[in-house]
Amino acid sequence: MKNLLAIVALLISFTCFSQEFQLSKTDKKIIDSLNTLLSKPQSDSLKSIVHFKLSLIYGKNKNKNLSKKHLQKANKLINDNAYLKDISLYYNAINLELSEASVKELQAANDKLKKYNSNEVYSIRTKIYSNIGLFLQRQNKTLEAIKIFTTKAIPLAKKANNNQELAFLYKLIALVFYNNDDITQAADYLDLSIKTLEEKPINNAGYEKDLIETYLFYTEVLSVQKNSKKGEYFLSKAKSLLKKNMDPNLYLEYYFAEGALLHERKDYASEIKIYDKGIALARSTNDYYADIRFNLLKFDILRLQKNIQQRKIY
């Protein structure tokens with residue numbers, strides 16, 4: 001069953017939904033760290049960068065007021081700093097909805113940033129191309145999107161020496177193939193994403209979250225491929241990490257992945273129980289989108305069970 005596991009979490013970085021998502025544990029840690037920096041005497045330049053980063057995180061989590069507030073503070077602290085003026089083009093554009101207009105602004109930011117040779121700028125330019133590729137994918141220009149990811153974004157992620165960014169790109173490419181029903185290519189890129197993350201463990205707040213999400217996405221793809229044994233292996237790896245990271249958003253994804261494996265085994269009774277757990281968690285965290293998805297999946301299973309019963313009767 002192809003139920004779009006992990007796609008919501010993957011796309012939150014780029015796009016907006018109608019509901020406001022709660023901050024994940026990872027984002028809370030990053031925000032606390034950045035606010036600690038702001039609480040100490042710092043240069044205007046560093047304060048500007050910190051406010052830009054806070055604006056990005058709040059924007060990702062759909063808190064428009066705080067995102068706008070930090071963006072305005074960051075822009076005011078630029079003064080005559082040429083570097084900050086150039087990176088501000090990215091931060092101001094990335095907070096907009098993905099559209100032809102915002103893509104043009106991202107392209108303009110990329111042109112300005114080409115003259116800088118630093119890991120930070122390479123990473124920013126990687127994100128710019130990731131967003132441009134995602135926009136093309138939404139326009140059903142799949143080949144153009146893949147080309148942007150592979151010829152523009154990936155080389156920059158490698159220059160930035162950022163395995164986490166590189167692994168994310170592989171996962172994003174997997175998502176594009178997955179949405180186009182090329183499950184084999186999706187599995188190959190997810191395998192590459194996992195190997196890239198596991199190759200160089202990173203000591204930051206988002207590393208384990210990325211690893212968990214990729215394990216769970218891979219689990220669903222493996223269930224579609226009817227490879228339950230391998231899927232169970234990666235589900236167990238995700239569960240092991242989840243014991244240390246009690247983020248409810250990740251547990252929602254876990255329930256989707258486990259449900260996909262149970263569906264593949266035709267254990268519909270257990271699958272319904274898992275979706276009930278997901279519904280309860282989604283409601284306790286006000287995640288209306290996940291609530292709807294779990295209920296739709298549960299409805300499909302109940303309808304399937306009814307059809308099976310009718311066939312047995314007749």
Is any side-chain heavy atom of [Y] closer than 4.5 Å to one of [X]?
X	Y	value
Leu302	Ile272	yes
Lys152	Arg125	no
Ile128	Leu113	yes
Tyr254	Leu235	yes
Leu175	Phe217	yes
Leu216	Phe256	no
Leu38	Leu54	yes
Tyr91	Asn75	no

Sub-3.5 Å donor-acceptor pair from the side chain of [X] to the main-chain atoms of [Y], do we have one?
X	Y	result
Tyr275	Phe299	no
Asn163	Thr196	yes
Asp291	Asp287	no
Asn79	Asn81	no
Ser67	Lys64	no
Ser130	Thr126	yes
Ser240	Lys237	no

* With a 6.0 Å cut-off on ring centres, are Tyr122 and Tyr116 close enough? -> no

* To do: Verify whether the ring centers belonging to Tyr268 and His263 lie closer than 6.0 Å.
  => yes

Rounded distance [0.5 Å steps], [atom1] in [X] versus [atom2] in [Y]:
X	Y	atom1	atom2	result
Glu198	Ser193	CD	OG	9.5 Å
Tyr218	Gln225	OH	CD	7.0 Å
Ile292	Asn295	CD1	CG	8.5 Å
Ile94	Leu71	CD1	CG	11.5 Å
Gln107	Glu105	CD	CD	10.5 Å
Leu250	Ile212	CG	CD1	5.0 Å

Are [X] and [Y] linked, directly or through other ILVMFWY residues, by side chains that come within less than 4.5 angstrom of each other?
X	Y	value
Tyr233	Leu211	yes
Leu77	Leu37	no
Tyr288	Leu296	no
Leu89	Val103	no
Leu134	Ile124	yes

* Would Arg265 and Glu271 count as a side chain to side chain contact (heavy atoms under 4.5 Å, CB included) if you check the C-alpha gap in whole Å, the side-chain angles of each, and the deciding distance to 0.1 Å? -> CA-CA 10 Å; Arg265 293 205 299 264; Glu271 186 180 0; over 6 Å; no

* To do: Would you sort out whether Asp86 and Lys115 count as a side chain to side chain contact (heavy atoms under 4.5 Å, CB included), showing the intermediate values?
  => CA-CA 10 Å; Asp86 289 339; Lys115 60 179 176 280; 3.0 Å; yes

[X]/[Y] ion pair, N-O < 4.0 Å:
X	Y	value
Lys127	Glu165	yes
Glu120	Lys53	yes
Asp32	Lys28	no
Lys277	Glu258	no

* Going by the angle between their ring planes, with limits at 30° and 60°, are Tyr58 and His70 parallel, tilted or perpendicular? -> parallel

* Relative to the ring of Phe234, is the ring of Tyr215 parallel (under 30°), tilted (30 to 60°) or perpendicular (over 60°)? -> tilted

Identify the two heavy atoms, one from [X] and one from [Y], that lie closest to each other, and give their separation to 0.1 Å.
X	Y	answer
Leu96	Asn92	CG-O, 3.6 Å
Leu169	Phe149	CD2-CD2, 4.2 Å
Asn95	Gly59	OD1-CA, 4.0 Å
Val221	Ala187	CG1-CB, 3.8 Å
Val176	Asn180	O-ND2, 2.8 Å
Ser88	Phe52	CB-CZ, 3.5 Å

* Glu213 and Lys209: CA distance, side-chain angles, deciding distance, salt bridge (charged side-chain N to carboxylate O under 4.0 Å, His left out) verdict -> CA-CA 6 Å; Glu213 287 177 349; Lys209 177 176 180 288; 2.8 Å; yes

* side chain to side chain donor-acceptor pair (under 3.5 Å) assessment of Tyr189 paired with Gln185 -> CA-CA 6 Å; Tyr189 272 99; Gln185 287 269 47; 5.5 Å; no

* With side chain to side chain contact (heavy atoms under 4.5 Å, CB included) as the test, would you mind laying out the steps for Ile173 and Leu192 before giving the verdict? => CA-CA 11 Å; Ile173 294 170; Leu192 187 56; over 6 Å; no

* Asked: Counting only heavy atoms not in Lys226, do more than 12 sit closer than 6.0 Å to its NZ atom?
  ->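 No, because the 6.0 Å sphere around NZ of Lys226 holds 12 heavy atoms or fewer from other groups.
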
* Asked: Tyr90 and Leu56: side chain to side chain contact (heavy atoms under 4.5 Å, CB included), yes or no, with the steps?
  -> CA-CA 10 Å; Tyr90 161 72; Leu56 194 64; 4.2 Å; yes

* Going through the distances and angles, do Asp276 and Lys273 end up as a salt bridge (charged side-chain N to carboxylate O under 4.0 Å, His left out)? -> CA-CA 5 Å; Asp276 282 337; Lys273 289 179 182 177; over 6 Å; no

* Check the pair Tyr178 / Glu220 against side chain to side chain donor-acceptor pair (under 3.5 Å), numbers first and verdict last. => CA-CA 10 Å; Tyr178 184 73; Glu220 187 202 356; 2.3 Å; yes

